[in-house]
Amino acid sequence: MAPTGTASGFEQAALARRAQLQGSAGPAALVRNAKVFGIACFACLGGLLYGYNQGVFSGVLTMYAFKAHMGAYTADQTKKGWLTSILELGAWVGTLYSGFLAEIISRKYAILFSTATFIIGVVIQATAITSAASSAILGGRFITGLGVGSLSMIIPMYNAECAPPEVRGALVGLQQLAITTGILISFWIDYGTNYIGGTGSTQKDAAWLLPLCLQLVPAVLLGAGILFMPFSPRWLEHHGRGAEARKTLASLRGLSPDHELIELEYMEIKAQSLFEKRTTAEHFPHLADGSNMSVIKLQFVACASLFKSKPMMRRVALATITMFFQQWTGINAILYYAPQIFSSLGLGGNTISLLATGVVGIVMWLATFPAVLYVDKLGRKPILIAGAIGMATCHIIIAVIIAKNENDWAHHKAAGWAACAMVWLFVVHFGYSWGPCAWIVIAEIWPISQRPYGISLGASSNWMNNFIVGQVTPDMIIHLKYGTYLFFGILTFMGAAFIYFFFPETKGLSLEEMDVLFGSVGVAQADAERMREITKEIGLDEMVRHGSVQHEPTFLGEKNDHAEHKNVDDSHSE
């Protein structure tokens with residue numbers, strides 16, 4: 001998501017031009033773009049895979065049959081941490097190569113490759129039923145993580161590039177909803193399969209094997225279905241396949257290739273492609289030949305260039321530290337080890353702890369909706385601070401309850417349920433604040449020319465800290481006990497202080513105004529000037545400012561007309 005504020009004169013004119021051609025905005029725009037909406041929903045099976053994979057293992061870890069089969073790897077807390085966190089390590093690696101993979105072989109085939117990687121990882125995990133056991137889980141989850149990390153980067157990019165501007169934000173936002181939906185489904189599948197053969201010593205291995213293997217269903221659907229999905233028009237244009245890009249764009253919009261709206265959007269895609277090529281030629285002339293090796297080198301060289309000036313370093317620090325605090329709120333400690341946490345709170349029996357875990361999935365899913373509705377109205381800073389204070393307070397209350405009752409839960413059932421309620425409330429605070437808003441922040445603070453590399457750095461920080469949290473949490477729960485929640489609570493309060501003192505509000509700001517905030521005045525202006533030169537060169541500026549609308553009543557009445565463009569800057573997202 002890009003800044004949603006002041007637009008340039010050209011952007012204002014482009015917005016007015018689209019408004020003439022597109023008709024009304026709102027939910028009806030999704031109906032008029034039903035084909036693109038369906039493609040985005042299908043692609044978001046990748047987000048479902050990510051969420052399901054993130055949530056399913058928490059329940060599996062507590063199942064009697066799984067613990068009996070894994071032996072020391074569930075009894076030893078450090079080894080248990082590796083079983084969980086090895087996926088995040090794989091995902092971190094996956095994010096490092098996903099950018100140039102998507103550029104070299106296309107977004108479409110990169111999704112196919114990543115899905116195939118995911119499937120291989122699940123199949124290897126399924127062999128854990130044999131004597132391979134822990135080795136199969138470790139190896140399989142690492143390979144699955146490669147696929148998950150790559151999909152988490154590529155699918156929002158694919159959706160953004162296929163979507164028309166007026167619904168791009170909604171379609172990209174489907175990814176977050178798909179992730180929370182996957183978490184929700186996984187928790188309740190764990191709850192159901194826990195009964196296979198009983199919940200004690202009679203429990204069958206199918207209780208843990210089935211939820212792991214069920215990951216194959218959406219993965220196979222995604223892998224088979226993506227073959228029939230279109231290429232990204234932006235990727236086609238960027239690789240010299242302009243005629244195919246225009247034809248694909250017209251098909252996605254349900255309009256003829258010579259429709260004026262198709263002409264306008266195609267010209268914008270062409271302008272963006274030229275902008276990227278010329279920016280690369282200026283800053284990295286030795287990597288501007290477009291070869292596969294240059295594409296690979298470019299990602300690392302461009303990332304390194306972000307550390308060469310203090311103003312850009314400030315943006316790097318904001319992105320990476322924000323993602324650090326997002327993970328050290330303890331959210332994934334709860335998602336990965338929720339049943340174990342609920343058991344430690346005195347909720348006797350694995351079935352009850354899994355039931356309480358299922359509620360985590362529900363409240364987190366519901367809490368994602370307010371953020372979408374209000375983040376642009378209230379601003380990022382107050383939402384992040386309010387969420388951090390709420391989460392930290394929940395942690396402190398849980399710590400106090402555990403400190404007073406951990407040795408006698410049998411006589412303090414109400415206290416156990418009170419702590420459980422605080423965990424649920426913690427998830428609510430995360431769902432409307434740091435869950436979505438942290439990703440918004442790391443996406444919108446960069447100049448256009450450096451956004452892909454800045455986002456990659458932020459995502460890398462997210463996955464690496466995710467890995468560390470998953471690794472250390474089991475030992476923390478056992479050895480620190482209530483200190484675990486004090487630790488996360490204090491860090492979360494620090495996160496609130498970091499946002500309060502160091503984060504400048506970015507709501508409603510243009511890219512040029514971002515430069516003023518971060519002390520790098522001129523970067524976005526230079527980008528804007530280069531873009532203005534390109535739009536004049538290819539005739540887009542003339543088309544936007546002086547073009548006339550022919551047969552306007554027909555355009556507005558067509559079934560596949562497009563809604564009013566709300567966020568011009570989003571055309572540069574992802």
Side-chain angles (χ1 to χ4, degrees), residues 45-46 48-94 111-152 182 185-187 189-199 201-224 336-337 339-340 350 354 467 470-471 474:
L45 281 173
L48 187 74
L49 286 176
Y50 170 23
Y52 184 94
N53 195 278
Q54 192 176 33
V56 74
F57 209 62
S58 65
V60 167
L61 279 173
T62 66
M63 292 183 184
Y64 188 97
F66 183 79
K67 291 191 286 187
H69 194 70
M70 292 295 143
Y73 263 86
T74 52
D76 184 286
Q77 298 306 309
T78 301
K79 290 182 176 180
K80 180 189 285 189
W82 272 107
L83 285 181
T84 300
S85 63
I86 193 71
L87 181 133
E88 281 63 52
L89 186 60
W92 176 71
V93 175
I111 291 173
L112 179 63
F113 177 87
S114 300
T115 304
T117 303
F118 182 92
I119 290 173
I120 292 171
V122 174
V123 171
I124 292 174
Q125 288 180 66
T127 64
I129 192 65
T130 67
S131 58
S134 58
S135 297
I137 293 293
L138 287 168
R141 280 180 64 79
F142 179 81
I143 294 173
T144 299
L146 294 175
V148 165
S150 188
L151 287 171
S152 71
I185 292 172
S186 71
F187 283 165
I189 285 179
D190 280 345
Y191 176 72
T193 61
N194 186 55
Y195 287 99
I196 297 178
T199 58
S201 60
T202 60
Q203 189 178 63
K204 304 295 185 182
D205 284 328
W208 59 268
L209 191 62
L210 180 59
L212 292 182
C213 290
L214 282 175
Q215 298 174 93
L216 290 172
V217 176
V220 170
L221 287 175
L222 178 60
Y336 297 148
Y337 302 107
Q340 182 179 341
N350 193 41
L354 286 174
F467 162 69
Q471 176 63 37

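Rounding to the nearest 0.5 angstrom, the gap separating the CD1 atom in Ile196 from the CG atom in Leu210 is 5.0 Å. To the nearest 0.5 Å, atom CG of residue Asp205 and atom CD1 of residue Ile129 are 3.5 Å apart. Note that CE of Met70 is 14.5 Å distant from CG of Asp76, once rounded to the nearest 0.5 Å.
For Ser186, the side-chain contact (heavy atoms from CB on, under 4.5 Å) partners two or more places apart in sequence, or in a different chain, are Tyr52, Val56.
Nearest heavy-atom pair across Phe57 and Phe66 is CZ-CZ, 4.0 Å. For the residue pair Phe467 and Leu89, the shortest heavy atom distance occurs at CD1-CB, 3.7 Å. Thr74 and Gln77 make their closest contact through O-NE2, 4.1 Å (heavy atoms, listed as atom of the first residue, atom of the second, distance). The two residues Gln125 and Thr144 come nearest to each other via the heavy atoms NE2-OG1, 3.0 Å. Taking all atoms of both residues into account, the shortest heavy-atom contact from Ser85 to Gly470 is CB-C, 3.6 Å. Closest approach of Ile119 to Ala219, counting heavy atoms only: CG1-CB, 3.7 Å.
Ser150 places no side-chain N or O within 3.5 Å of a backbone atom of Leu146 that could act as its donor or acceptor partner. With hydrogens and angles ignored, the 3.5 Å screen pairs no side-chain donor or acceptor of His69 with any backbone N or O of Ser134. The main-chain N or O of Ala207 is found under 3.5 Å from a side-chain atom of Thr193 such that the two form a donor-acceptor pair. A side-chain donor-acceptor contact under 3.5 Å links Ser152 to the backbone of Gly149. Judged by distance alone, the side chain of Arg141 and the main-chain N or O of Leu83 form a donor-acceptor pair under 3.5 Å. Between the Gln203 side chain and the Asn194 main chain, a donor and an acceptor come within less than 3.5 Å of each other. One N or O on the side chain of Thr202 and one on the backbone of Gly197 form a donor-acceptor pair closer than 3.5 Å.
Taking the side chain as every heavy atom from C-beta outward, Leu212 and Val122 never approach each other to under 4.5 Å. Side-chain contact between Leu48 and Leu222 is absent, with no heavy-atom pair separated by less than 4.5 Å. Contact check for Lys67 versus Leu61: no side-chain heavy atoms found under the 4.5 Å cut-off. Using a 4.5 Å heavy-atom threshold, the side chains of Glu88 and Trp92 count as separate. Inter-residue side-chain proximity for Trp82 and Ile137 is flagged as unmet; no heavy-atom pair is nearer than 4.5 Å.
Contacts classified as ring-ring contact (aromatic ring centres under 6.0 Å, His included) and involving residues 117-148 (residues at least two apart or in different chains) are not found.
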Assess whether side chain to side chain contact (heavy atoms under 4.5 Å, CB included) is satisfied between Gln471 and Thr78, documenting all intermediate values. CA-CA 7 Å; Gln471 176 63 37; Thr78 301; 3.7 Å; yes
